[in-house]
Amino acid sequence: MFEKLEVFQMSQAMARHAALREGAVATNIANADTPGYRAKDVVSFVDSYRTEHAQPMRATRPGHLGANGSYTVSVIKDPTPDSTSPDGNGVSIEDEMVKAVDVKRQHDRALAIYKSSLNVLRASLGRG
């Protein structure tokens, strides 16, 4: 009954996306001095969640409107850098550090959603 709650699936997907993006940021930082290396990034969580969870919403009453939503594993994309160094490297350490902070916030948000949902579930069972 409680094994497929959508809020838990969404928070897990958000945490997976944050981990994938953290890997891309770490790879970019590791290759900051590699000639010709282009910075990579991951498609946004909103876009990846929409494309992966392409199942129609469940209608429990005839008056409900159907909608599509989805989530798949995010694909790494090549952003177009504004500037490159003379050796063709497109990694900006400052931009990557900002992305790393954003990834941490996304991961913390996923954990907060999971924790809050778990507290609501516990309270509904009388264990809160």
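- The minimum heavy-atom distance between D87 and D33, with the atom names listed, is OD2-O, 4.3 Å.
- Applying the ring-ring contact (aromatic ring centres under 6.0 Å, His included) test to pairs two or more places apart or on separate chains, those with a residue in residues 100-119 are F8-Y114.
- Nearest heavy atom pair, residue I113 against residue V7, reads CG2-CG2, 4.0 Å.
- For K104 and D108, the salt-bridge test passes: some basic side-chain N is under 4.0 Å from an acidic carboxylate O.
- With sequence neighbours excluded, no residue forms a salt bridge (Lys or Arg N to Asp or Glu O under 4.0 Å) with K115.
- Atom-to-atom distance recorded for S116:OG and L121:CG is 11.0 Å, nearest 0.5 angstrom.
- Counting only heavy atoms from C-beta outward, the side chains of I29 and V25 approach each other to under 4.5 Å.
- Residues R21 and D102 meet the side-chain proximity criterion, which asks for heavy atoms closer than 4.5 Å.
- Atom OG of residue S92 and atom NZ of residue K99 lie 8.5 Å apart, to the nearest 0.5 angstrom.
- Nearest heavy atoms, A39 versus G90: CB-O, 3.7 Å.
- Between D41 atom CG and N28 atom CG the span is 7.5 Å, to the nearest 0.5 Å.
- When all heavy atoms of A32 and I93 are compared, the pair lying nearest together is CB-CD1, 3.5 Å.
- Separating the CG atom in N119 from the OG atom in S124 is a distance of 10.5 Å, to the nearest 0.5 Å.
- Nearest heavy atom pair, residue Q106 against residue F45, reads NE2-CB, 3.7 Å.
- Atom CE of M14 sits about 9.0 Å away from atom NE2 of H17, to the nearest 0.5 Å.
- For A110 against A15, the heavy-atom pair with the smallest separation is CB-N, 3.7 Å.
- For the salt bridge (Lys or Arg N to Asp or Glu O under 4.0 Å) test, no residue two or more places apart in sequence or in another chain qualifies with E22.
- Considering CD of E96 and OG1 of T27, their distance stands at 9.5 Å, rounded to 0.5 Å.
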